Amino acid sequence: MVSPTTMAAVRKSGAVPNSEFLLTAEGVRKEFPGVVALDDVTFRLKRGTVHALMGENGAGKSTLMKILAGIYQPDSGTVQLKGMDIQLKSPLDALENGIAMIHQELNLMSYMTIAENIWIRREPLTRFGFVDHAEMYRRTSALFDRLNISLDPDMTVGELSVANRQMVEIAKAVSYESDVLIMDEPTSALTEREVEHLFRIIRDLRAQGIGIVYITHKMNELFEIADEFSVFRDGKYIGTHASSDVTRDDIIRMMVGREITQMFPKEEVPIGDVVLSVKNLTLDGVFRDVSFDLRAGEILGLAGLVGSGRSNVAETLFGVTPATSGSIEIDGKPVVIDTPGKAIRNRMAFLTEDRKDTGCLLILDILENMQIAVLHDKYVKSGFVQEAQVAADCEEMARKLRVKTPNLSERIENLSGGNQQKVLIGRWMLTNPRILILDEPTRGIDVGAKAEIHRLVCEMARNGVAVLMISSEMPEVLGMSDRVMVMHEGRVTGFLDRAEATQIKVMDLASR
Amino acid sequence: ETIGVSMALFDDNFLTVLRNGMQDYSKTLKGVSLQIEDAQNDVAKQQSQIQNFVAAGVDAIIVNPVDTDATAAMSKIAADAGVPLIFVNRQPANLNQLPEKQAFVGSDEHQAGTLETQEVCRLLKGKGNAVIMMGELSNQAARVRTQAVKDLAGKGDCAGLKIVEEQTANWSRTQGADLVTNWLSAGLQFDAVISNNDEMAIGAIQALKAAGKPMNSVVVAGVDATQDALASMSAGDLDVTVFQNAVGQGKGAVDAAVKLAKGEKVERNVNIPFELVTPANLSKYQNKN
Amino acid sequence: MNNDVATSATPLRTERNRKRRMPPEASILLVLIGIALLYEALGWIFVGQSFLMNQQRLTIMILQVSVIGIISVGVTQVIITGGIDLSSGSVVGMTAMIAASFAQSSTWTRALYPSLTDLPFIVPMLVGLAVGLLAGFINGQLIARTKIPPFIATLGMYVSARGLAKWYTKGQPISGLTDSFNFIGSGAWPVVVFLTVAIIFHIALRYTRYGKFTYAIGANMQAARVSGINIEAHLVKVYAIAGLLAGLAGIVTAARAQTAQSGMGVGYELDAIAAAVIGGTSLTGGAGRITGTVIGTIILGVMTSGFTFLRVDAYYQEIVKGVIIVAAVVVDVHRQKKRKTR
Amino acid sequence: MNNDVATSATPLRTERNRKRRMPPEASILLVLIGIALLYEALGWIFVGQSFLMNQQRLTIMILQVSVIGIISVGVTQVIITGGIDLSSGSVVGMTAMIAASFAQSSTWTRALYPSLTDLPFIVPMLVGLAVGLLAGFINGQLIARTKIPPFIATLGMYVSARGLAKWYTKGQPISGLTDSFNFIGSGAWPVVVFLTVAIIFHIALRYTRYGKFTYAIGANMQAARVSGINIEAHLVKVYAIAGLLAGLAGIVTAARAQTAQSGMGVGYELDAIAAAVIGGTSLTGGAGRITGTVIGTIILGVMTSGFTFLRVDAYYQEIVKGVIIVAAVVVDVHRQKKRKTR
Ligand SMILES: Nc1ncnc2c1ncn2[C@@H]1O[C@H](COP(=O)(O)OP(=O)(O)OP(=O)(O)O)[C@@H](O)[C@H]1O
Ligand SMILES: Nc1ncnc2c1ncn2[C@@H]1O[C@H](COP(=O)(O)OP(=O)(O)OP(=O)(O)O)[C@@H](O)[C@H]1O
Ligand SMILES: [Mg+2]
Ligand SMILES: [Mg+2]
């Protein structure tokens with residue numbers, strides 16, 4: 001075994017040991033209380049390839065990557081870097097040995113500027129040991145030019161949208177000039193345009209001989225960017241193949257161990273009366289004159305580029321950021337919705353896009369997380385929560401959504417991202433809404449669960465629920481919606497019926 | 001004249017009587033107004049208050065020192081600014097080096113502890129076990145009064161007095177009660193409770209009563225002769241307390257300050273002695289503090 | 001350790017009869033027992049008597065901290081929402097003064113309101129509770145409406161309420177209280193009040209909507225807001241309750257001492273917060289239980305009694321007290337970590 | 001949640017030339033100026049003299065808070081990391097005692113170490129700094145290694161250090177200090193020390209890696225960790241510096257009073273935290289600046305001097321002080337919010 005410091009010194013000297021694999025993990029096992037996250041897993045990353053990692057939510061992908069990035073220590077098994085056994089004891093060890101990682105959850109310091117975030121711990125210094133802010137700005141600009149990102153390095157990260165934060169994370173990871181770059185669902189918050197952009201960056205890096213691990217739940221990305229892929233299921237290694245050898249269905253079968261027949265099980269359901277009617281809704285400086293009708297049983301897709309204001313519209317509809325002008329009618333009656341409480345009383349539900357910031361009660365358990373929105377009217381008798389009843393219904397819901405967890409008293413923090421998302425969907429389904437607003441409902445969700453969620457949404461539509469669904473995933477928008485509304489820079493640029501909606505038409509409206 | 005007054009702290013029963021004594025007395029004098037500040041037991045805060053008084057241009061300053069060892073710096077500030085300064089109640093360490101236009105009006109804390117202990121010894125007929133309840137350990141009066149008890153124990157009239165335990169109850173009645181209960185539960189045997197002030201002594205009485213001890217079996221002594229203490233004494237619970245003439249001190253201090261402000265001379269050390277209070281002379285003190 | 005969970009085909013284990021995990025306060029209870037047994041052992045060695053087998057001591061151990069305990073129950077709820085209450089000690093002083101001024105007996109010649117003496121004990125009681133409630137309500141309104149940090153809002157109240165307590169009688173103590181008022185501070189009554197309050201709010205936090213919302217706000221305020229919780233209204237409730245309990249503590253303090261003084265309750269806020277945190281309440285919000293707070297409070301009481309019992313020199317007591325507080329939490333944190341990674 | 005919604009769509013690089021935003025402490029500076037002008041106006045109306053045009057008063061306004069200020073510079077850094085330091089006031093007391101015991105003059109007959117009198121002033125100075133540093137180092141180690149909440153670690157130190165200060169001489173004050181030692185507390189020297197310390201750490205926080213790490217840890221500890229920062233080592237540094245500055249404050253306090261007393265510094269920790277928070281430091285970590293802390297400290301000083309100047313009755317002073325603290329922060333928060341949504 002070589003110590004990480006030695007290896008780092010060797011790397012600095014430029015004398016890179018030549019081995020076929022950049023990074024390998026053999027027989028790795030990792031347990032968390034109550035869960036075996038990884039069990040005898042093998043993984044090999046070749047030089048100059050993009051290696052995709054596939055698996056259902058909770059399969060252990062992130063856990064393995066965190067081991068490779070020095071964040072977790074494996075319970076057993078070995079990690080080899082360029083053919084040498086190594087024990088990475090901290091993220092610093094990994095970084096110094098040329099392993100950089102983009103985490104599934106954003107890891108940025110919101111109060112600090114973009115430049116400070118990117119160069120933290122590696123700030124350029126002046127002769128006197130002070131941080132050279134001008135040089136740091138220059139380096140960031142150069143990096144952004146290279147990656148074709150247009151952001152001001154002096155902006156604080158807190159001001160950025162989720163997508164731009166993701167771009168900053170990508171730039172930061174690239175700036176390490178590492179040999180191995182791990183990307184854990186980098187595109188879950190991005191729209192097609194940024195994804196294209198990211199792929200250019202990845203191809204560029206691959207050409208330089210860097211090994212890239214790429215985790216995604218988006219099947220179409222796999223064939224576009226990956227050279228090979230490995231599949232995990234329930235913490236076990238299933239196999240590795242070249243992506244040219246297999247079809248999409250093969251992979252899904254390897255991942256879920258069964259056939260998934262239909263991705264978007266959209267069925268025709270009778271469309272009812274107008275439930276929600278929005279007229280000239282405006283939030284000063286953010287979006288203006290948004291008008292649309294939403295009918296019972298209808299699924300209205302809301303498409304647009306990142307930052308087009310879709311999420312803001314949803315937040316305003318739900319009373320999180322009350323509108324400055326415009327009107328909302330429900331069942332033909334004008335309503336004032338200036339708090340989420342009022343929205344819920346009008347039987348609305350809202351799944352937010354950022355599950356960490358506005359969704360999960362991270363340190364509470366799954367049960368508490370699921371029941372919190374439904375306690376306003378149901379399950380409460382003279383102030384007391386009817387534990388047994390609410391627990392039974394939550395378990396039922398969790399089973400329906402196939403939440404993978406030992407039990408409902410597990411902290412939601414310990415669930416994989418996809419499973420957290422399912423719990424949040426469950427939270428809103430329990431409220432039995434008439435109007436359901438979904439903001440990126442399947443972000444970070446695996447194929448199996450995605451089909452499940454789509455089926456559930458359709459089922460709700462069939463029962464007469466009106467659905468407004470924001471999604472940055474074009475196939476999802478096109479596959480699920482009865483109608484598509486497109487936004488650009490805070491304005492609605494058009495509506496498309498299911499029959500006429502195509503990717504090209506949507507993109508055209510989105511960039512107009 | 002405007003006189004700035006810096007009190008060591010407001011949350012103290014005795015000092016409250018002193019403060020109100022000064023306030024009331026100043027109202028009887030024409031053209032004298034007091035600006036009273038609370039140093040909250042903080043030496044540095046008190047020093048700053050004096051400087052603030054100087055900046056505000058007061059005619060004289062009265063200080064009830066938080067710590068009598070910290071008075072030299074204060075004397076200097078006042079002397080440099082040419083403002084008369086009176087220390088009240090607690091004797092400054094630099095009493096003998098006080099500059100021009102400065103004086104002390106007050107009593108000797110050691111005497112309080114001595115009077116209290118001597119009477120306890122008399123009641124115990126010179127023999128018995130005693131516990132000491134101390135005030136806040138960082139406080140001057142607590143240390144000096146405690147020291148006075150120890151100086152007497154085992155000597156002369158108090159030859160048979162043995163200090164079996166000493167602890168702090170931070171001047172507080174409830175903490176005093178808790179402390180005595182803790183002692184009783186530990187099986188400690190004692191014939192006298194010598195407390196640094198009346199509040200803790202009353203706490204001790206409450207605890208002894210709650211534990212079912214007959215009050216005539218234990219001598220309880222305090223200092224201050226507060227209203228509550230006198231009431232307790234007339235009820236036959238408290239045996240000894242020591243009267244400190246707060247009103248007299250306040251009056252003396254204001255008088256001295258006014259005189260100095262007018263350019264007249266005053267004595268450097270105006271001592272207003274402590275007086276022992278027992279059930280025998282209780283009635284004399286009923287309306288004094 | 002159920003290895004089978006991750007590998008099982010069914011994604012959700014439905015059996016509800018699985019072994020319940022040890023509640024988090026079990027570990028701090030062990031710390032309490034450890035401290036008590038240590039004193040017991042040291043007692044036999046150095047003092048030759050039992051620490052625990054003494055009715056009187058068992059009472060005083062809790063009695064002397066019951067006022068802290070009452071406050072701490074309110075403070076725990078505040079901390080669970082992610083806030084802090086620095087004002088509780090001052091509110092104790094203010095309430096003690098104001099309540100006591102309506103509880104004076106006519107036999108006392110210097111009553112503050114000579115025409116309002118010998119009132120039934122319910123009057124000072126209600127006045128005191130109202131004063132505490134009002135102080136807490138103001139804290140809550142400031143925090144909810146103006147969005148200033150709870151630290152600042154309650155620091156302001158900490159300073160102002162203490163000032164008010166001193167101003168009320170210009171620092172004069174209020175004595176000569178009626179027997180009916182003093183009753184609530186007599187004997188073990190403060191302990192009864194403390195435990196009653198603890199039980200009520202234990203139930204409120206665990207089994208009512210009030211409790212669920214309190215935890216949700218502390219865990220993630222934004223998520224709680226989107227889930228339809230009226231954050232502002234709830235925070236006002238929580239701080240008002242904390243104020244109410246501080247008011248109750250003030251009444252008990254005055255009744256126990258049979259007098260009210262403006263300096264009452266100084267420093268109690270830190271003890272109360274310490275009791276909550278020792279008992280496992282997280283200062284970042286979202287986690288904490290009343291049972292833990294009760295145990296934390298009792299640890300403080302046991303420690304104090306133990307010092308007197310072992311005749312620890314007054315000058316060492318504080319030094320050791322600081323060390324014990326830290327050690328108790330270190331042991332607790334360590335035990336919890338071990339359980340997690342086991 | 002984006003309550004504070006940005007006005008533009010995807011922000012472009014061309015925005016580089018946008019007007020530099022007002023620094024956050026500008027708003028609290030306006031509050032300070034507002035308070036000062038209010039006093040000035042009231043001064044002319046009620047006292048018939050100027051509040052500000054008085055050299056002596058301008059000095060004492062800062063002088064009386066310079067010890068708080070020195071502590072507050074250290075506490076600000078701790079708060080930026082997301083922690084808290086409750087021990088600073090006690091460390092002031094402990095350091096004052098220990099440092100002073102090495103600064104006694106041979107002319108003083110009751111010297112604690114009669115053989116160690118008349119030492120050059122560098123000895124007590126270094127001893128004091130070392131004591132403070134050690135206390136802070138212990139805080140830091142406890143927090144970094146045992147992962148107990150900073151509140152508890154520093155609460156333990158708060159209790160223990162105060163105990164140690166009392167135990168050191170059994171509560172006796174230490175007097176008869178040498179002139180060379182007293183020098184640092186004389187005249188406006190404490191102000192010089194305060195401002196020097198403030199400038200040094202203003203630079204350290206803004207222009208060094210030490211500063212960047214401090215902000216990064218407070219803004220997002222997880223992000224800092226995965227960026228390769230050694231959190232533990234850095235936290236130890238930050239707490240050690242806070243201790244060192246509290247030690248320095250202790251030396252200045254003793255030199256100013258020309259004596260050391262075990263009760264020195266009681267309650268300073270809250271004042272120091274208040275100064276930082278008034279100055280815009282966020283208790284959730286990640287945000288705060290020394291300039292703001294200096295302004296916050298001066299607000300406290302101006303307030304106190306203003307009370308004496310206007311002859312506000314001491315009983316009202318505290319009540320009003322609490323209100324002003326809250327009002328200052330309310331105004332600040334409100335101004336900042338308005339600027340954001342503009
Ligand atoms: N810190 C933790 N404590 C306890 N359990 C954990 C922890 N981290 C992960 N797990 C569990 O380990 C398993 C694997 O999680 P991991 O995050 O690696 O999944 P994943 O494959 O990345 O899923 P996703 O696609 O949803 O991100 C899950 O069952 C998860 O609940
Ligand atoms: N937390 C935030 N702070 C400041 N500005 C924000 C924040 N979140 C979003 N914005 C800005 O608000 C505008 C609209 O963002 P919104 O999130 O509504 O767009 P969107 O179309 O939903 O895109 P996305 O896919 O990123 O959610 C963007 O310019 C974005 O930069
Ligand atoms: Mg993952
Ligand atoms: Mg969005």
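None of the values given here were measured: they were computed from a predicted structure. Lettering follows sequence order; numbering is per chain, from 1.
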Inset, instruction - Take Asp85(D) and Ser87(D), measure what side-chain hydrogen bond (donor to acceptor under 3.5 Å, both in side chains) needs, and give me the verdict at the end. - result: CA-CA 6 Å; Asp85(D) 187 357; Ser87(D) 68; 2.7 Å; yes
Inset, instruction - Please step through side-chain hydrogen bond (donor to acceptor under 3.5 Å, both in side chains) for the pair Thr126(A) and Asp132(A), ending with a clear verdict. - result: CA-CA 5 Å; Thr126(A) 63; Asp132(A) 189 342; over 6 Å; no
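Proximity to chain D (any heavy atom under 4.5 Å) is restricted, for Tyr176(A), to the side chain, taken from C-beta onward. Contacts of Lys172(A) with chain D are made by side-chain atoms alone, with heavy-atom separations under 4.5 Å and no backbone atom involved. Heavy atoms of Glu116(A) lying under 4.5 Å from chain D belong exclusively to its side chain. With a 4.5 angstrom heavy-atom cutoff, Leu95(A) touches chain D only via side-chain atoms. If you measure heavy-atom distances from Ile203(D) to chain A, the contacts under 4.5 Å come from the side chain alone.
When each of Arg139(A), Arg146(A), Arg122(A) is paired with Ser175(A), the side-chain hydrogen bond (donor to acceptor under 3.5 Å, both in side chains) condition holds for Arg122(A) and for no other.
The candidate from Ala219(D), Ala287(D), Ser227(D) with the greatest count of non-hydrogen atom pairs under 4.5 Å with chain A is Ser227(D). For the options Gly211(D), Ala204(D), Ala216(D), Ala224(D), heavy-atom pairs under 4.5 Å to chain A are most numerous at Ala216(D). Across Asn230(D), Val226(D), Ile229(D), Thr208(D), the residue that shares the most heavy-atom pairs under 4.5 angstrom with chain A is Val226(D). Top candidate by heavy-atom pairs under 4.5 Å with chain A, chosen from Ser282(D), Gly218(D), Gly286(D), is Gly286(D). The candidate with the highest count of non-hydrogen atom pairs below 4.5 Å against chain D, out of Met109(A), Arg121(A), His103(A), is Arg121(A).
Figure legend: Arg206(D) and Tyr215(D) shown without cation-pi pairing, the cationic atom not lying both under 6.0 angstrom from the six-membered ring centre and within 45 degrees of its axis.
In terms of heavy atoms, Phe201(D) sits closest to Leu245(D) at CE1-CD1, 4.0 Å. Among all heavy-atom pairs drawn from Ala69(A) and Ala94(A), the shortest one is O-CB, 3.3 Å.
The 12-atom threshold is exceeded at CZ of Phe213(D), counting heavy atoms of other residues, nucleotides or ligands nearer than 6.0 Å.
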